[in-house]
Student: 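Just passing along the structure, written as structure tokens.
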Protein chains: 4
Amino acid sequence: METEQRGRPARVKRLPRAVRERQILDAATAVFSQRGYHAASMDEVAEVAAISKPMVYAYLGSKEELFAACIKREATRLTESVGTVVDPNLAPEEQLWRGVLAFFTFVGEHRDSWNVLHRQVTSEGHPFAQQIAEGRKRVIALIGALLSQAAQAQGMPDYFVPETKPIAAALVGAGESLADWWLDHPDETAKAMALRLMNLVWLGFGTLVQGRTWHPPAGPADATPTPA
Amino acid sequence: METEQRGRPARVKRLPRAVRERQILDAATAVFSQRGYHAASMDEVAEVAAISKPMVYAYLGSKEELFAACIKREATRLTESVGTVVDPNLAPEEQLWRGVLAFFTFVGEHRDSWNVLHRQVTSEGHPFAQQIAEGRKRVIALIGALLSQAAQAQGMPDYFVPETKPIAAALVGAGESLADWWLDHPDETAKAMALRLMNLVWLGFGTLVQGRTWHPPAGPADATPTPA
Amino acid sequence: METEQRGRPARVKRLPRAVRERQILDAATAVFSQRGYHAASMDEVAEVAAISKPMVYAYLGSKEELFAACIKREATRLTESVGTVVDPNLAPEEQLWRGVLAFFTFVGEHRDSWNVLHRQVTSEGHPFAQQIAEGRKRVIALIGALLSQAAQAQGMPDYFVPETKPIAAALVGAGESLADWWLDHPDETAKAMALRLMNLVWLGFGTLVQGRTWHPPAGPADATPTPA
Amino acid sequence: METEQRGRPARVKRLPRAVRERQILDAATAVFSQRGYHAASMDEVAEVAAISKPMVYAYLGSKEELFAACIKREATRLTESVGTVVDPNLAPEEQLWRGVLAFFTFVGEHRDSWNVLHRQVTSEGHPFAQQIAEGRKRVIALIGALLSQAAQAQGMPDYFVPETKPIAAALVGAGESLADWWLDHPDETAKAMALRLMNLVWLGFGTLVQGRTWHPPAGPADATPTPA
DNA sequence: CATGAATGAGACTTCATTCAT
DNA sequence: CATGAATGAAGTCTCATTCAT
């Protein structure tokens, strides 16, 4: 017949909505980070979240929406990590230093978050290629503005200003690549990584070779920021 | 060539096979580049290659093998493009410059190849994450060696030598990022892009701001290499 | 029957229960009418009833039971609407007229009820196909009896009596179809619709009762067409 | 791993596309007829067609497209069955008779086809409600034109002409209902059924055309009942 | 008692892969 | 050899139903 007799007792804890939502987002971030968007399956997300699939859909919606939620949360986290330590009233150089340090600190502490934001496909077919790309562009624009400000403060000729944009792009790429490199050299500290990036970008290889190095601007008693 | 003998108990030529394989690889590279590994379908590959699916399997094997073949071919192409212009007897700085220029030239001319090699998934779950990552590491190692050589030529203290590795990683990341940035600014030439990278990495932002710039070492009559 | 004791040993007020049940049945009728049995979701029923899903189950049972309850209630309503105005002591013709008028009046005033009873699936697989079909048959039988009575009153030969059954079926179908047609011509009144049906059927029936019959126009040697 | 090793030998006959397509349509018509659109499952269609589900999708597309194809084919069949025997040069009465007979003949021979066309849901939520309804309306319009022609041929006053439309609707409904009634009385022939319909409607119609109308029996002071 | 939270089951659809012609 | 025809195995998403609070 067609008696439609389904459903069976459940033996799971009843958690409040907010908690479950975080659980699912954590699981999803981990799975997306490890498999990539396309290869990730909702089944695995549900399994990792120790919950049934329908709940995943009930709480976070479709796969796309779930991924979007992950991206949004992780992007917010990163943005806040950096934003907290960057004071627009500081000198550009110090702002950059603090931001870079905060970035590496974040990556060190949230490997999966960084994976989801960065290592995901950027191929055109990807549902969020545009979204991710735009987030990245905003970051580049911010850094570009910082560099431009620094350049003008040092009396650079105007024609140089547009150059700050590709430089910002390069800096971001260098940072990402260093973050990857870090994965293979886990003994390094976030601070050491940040110093490397600053040294290279600010001084350049040619200058470094001459024995000069860059040092963080001496805050009060070396108060280099340490974002949570 | 096209004179292929369709039909009968004839002995078949070997050349057609090579041609077919190239056809398929071209199609696969295009599809993988546009869709990404997981979203790409063998159906689309076969369609773009204007061939039936069983032939794709007959010639290049499974999806994984096909993708591997794409990667291999494109990596080889890029490697050769760069390798052709880099003469180990030249000064490291010039080697680097030529290599960087060759890289951007290649990217400009083979968008799809670059996409497959770079923009594809780097997530851990990806069947080729390791393979791609290793290729990248090799490049970084090469550049690292170059930098190390340059550093030693300039009498750098030994303790600096290990630093050349992360610097190489940063350089590669900066290059990749600039290549992405280039997509949004297609009016730029490969040479301009290469110059940007060299300027930044070699001189550093701080130095650039002071008005100094880096110039390609004057080869014989400005023979800046132009990889095919 | 319906007096089933669901739930716990507690004594609960009876009135709220009745009210709730009506609420739910109203909602269910609306939803089933709009979506059809299969496409209707218990979620929507609960939402429209402004009540939680478990309550729907507590009060009316499973989806099938709920639908059955809807059908039963609406069928009763229609039956009562018609039954109230049809007095068995009246002449058959008047009974029919009153019944037909009551029918159209009901349909005009309870679109959803009519939808649930008529426009719902009659496919064999449907859980209630049989139930609905039987209700319909009862109506046809009633009308058939009425026609038979009328025919005999007019002195029709006995052999005609069995014909009243298919005529009743046709009358019912004509009524349903006119009800549908009415949806597209809402300016018509129930009375006008009822008049139409009576005019067509009663005059046809009346003629038949007088012993006149229609014969196919004599084609060449009774060549009534026989489509393959 | 993620070796994606699937697919196994098949042991099924290779049929030409057209044959399989018909097979599938036959199966789908049967399943849709028995279950209704919503309750029908693609699994069952595939099973009845003795084919795998992917083939169903390859040949006929999605469930909606499949259903549309069924409707289209069956509608065409019915239309052609009727169209073949109806010659516009014949007298309206004969056209009607031939059409009605062809209709019942078709229904008798293609139970499933008729089911799919008629017994399917007409609820608003149904994907093809509109389509089916429009087909029905076209039929009604055709018959209406026929009746109108017949009426004018017999010198009916103009004001009667609009009435032919609801009469056509009623005729169609009566026909459908008789077809259903036939299911329970399978001993009847198509011709007998057709005769019944003609007898009822044509005599009714014929009487109306002669200018005679039916009026409600004058109850006490026009006490036409008004059911609550 | 009423509800938010939870789930097994199945529906539609696609894809990598292979055999028979 | 080349291809049309075929399929097992997921994958995404929904729904009827029920328990614990």
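Just so you know, these numbers use all the heavy atoms, side chains as well, and skip hydrogens, waters and symmetry mates. Every chain is numbered from 1, with letters handed out A, B, ... down the list of sequences.
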Student: Please tell me which of C:Ile51 and A:Ile51 maps to the more 5' nucleotide of DNA chain E, matching each residue to the nucleotide holding its nearest heavy atom.
Tutor: C:Ile51

Student: Need to verify one output field. Residue with the more 5' nearest nucleotide on DNA chain E, C:Ala50 or B:Met42?
Tutor: C:Ala50

Student: Is there side-chain contact between D:Phe32 and D:Ile71, with at least one heavy-atom pair below 4.5 Å?
Tutor: no

Student: Using Watson-Crick and G-U wobble pairs whose two distances are both under 3.5 Å, how do you write the pairing of DNA chain E as dot-bracket, with | for links to another strand?
Tutor: .||||||||||||||||||||

Student: Where is the tightest heavy-atom contact between B:Arg17 and B:Ala58, given as atom of each residue plus distance?
Tutor: NH2-O, 3.8 Å

Student: Is there a side-chain contact between D:Ile132 and D:His118, using heavy atoms and a 4.5 Å cut-off?
Tutor: no

Student: If I take atom NZ in residue B:Lys63 and atom P in nucleotide E:dC15, what distance separates them, rounded to the nearest angstrom?
Tutor: 9 Å

Student: Taking all non-hydrogen atoms of both residues, which atom of C:His38 and which atom of C:Lys63 are closest, and how far apart?
Tutor: O-NZ, 3.4 Å

Student: Which whole-number value in Å describes the distance from D:Tyr37 OH to E:dA11 C1'?
Tutor: 11 Å

Student: Let me know the distance between CD of A:Glu47 and C1' of F:dA10, rounded to the nearest Å.
Tutor: 15 Å

Student: Is a side-chain donor or acceptor of C:Lys53 paired with a backbone partner of C:Glu47 at a separation under 3.5 angstrom?
Tutor: no

Student: Nearest-Å distance, CD (A:Glu44) to C1' (F:dA10)?
Tutor: 14 Å

Student: What's B:Ala40 touching, base or sugar-phosphate or nothing? Going by heavy atoms closer than 4.0 Å.
Tutor: sugar-phosphate

Student: Looking at residues 52-60 of chain D, who's got a heavy atom less than 4.0 Å off DNA chain E?
Tutor: D:Lys53, D:Pro54, D:Tyr57

Student: Please find the pair of heavy atoms, one from A:Ala69 and one from A:Leu25, that lie closest to each other, and give the distance.
Tutor: CB-CD2, 3.8 Å

Student: Distance check needed: E:dA11 C1' versus D:His38 NE2, whole Å only.
Tutor: 12 Å

Student: Looking at every non-hydrogen atom in both residues, tell me the closest pair between D:Ile51 and D:Ile24 and how far apart they are.
Tutor: CD1-CD1, 4.1 Å

Student: Does any non-hydrogen side-chain atom of D:Leu60 lie less than 4.5 Å from one of D:Arg20?
Tutor: no

Student: Without decimals, in angstroms, what is the distance between C:Ile24 CD1 and E:dT3 P?
Tutor: 10 Å

Student: Please state how far atom CG in A:Asp43 lies from atom C1' in E:dA9, giving the value in whole angstrom units.
Tutor: 13 Å

Student: Determine whether the side chains of B:Ser62 and B:Glu65 contain a donor N or O and an acceptor N or O closer than 3.5 Å.
Tutor: yes

Student: Does a side-chain N or O from A:Arg20 land closer than 4.0 Å to OP1 or OP2 of E:dA6, or not?
Tutor: yes

Student: In terms of side-chain heavy atoms of C:Ser41, which of F:dA6, F:dA16, F:dT17 is nearest?
Tutor: F:dA16

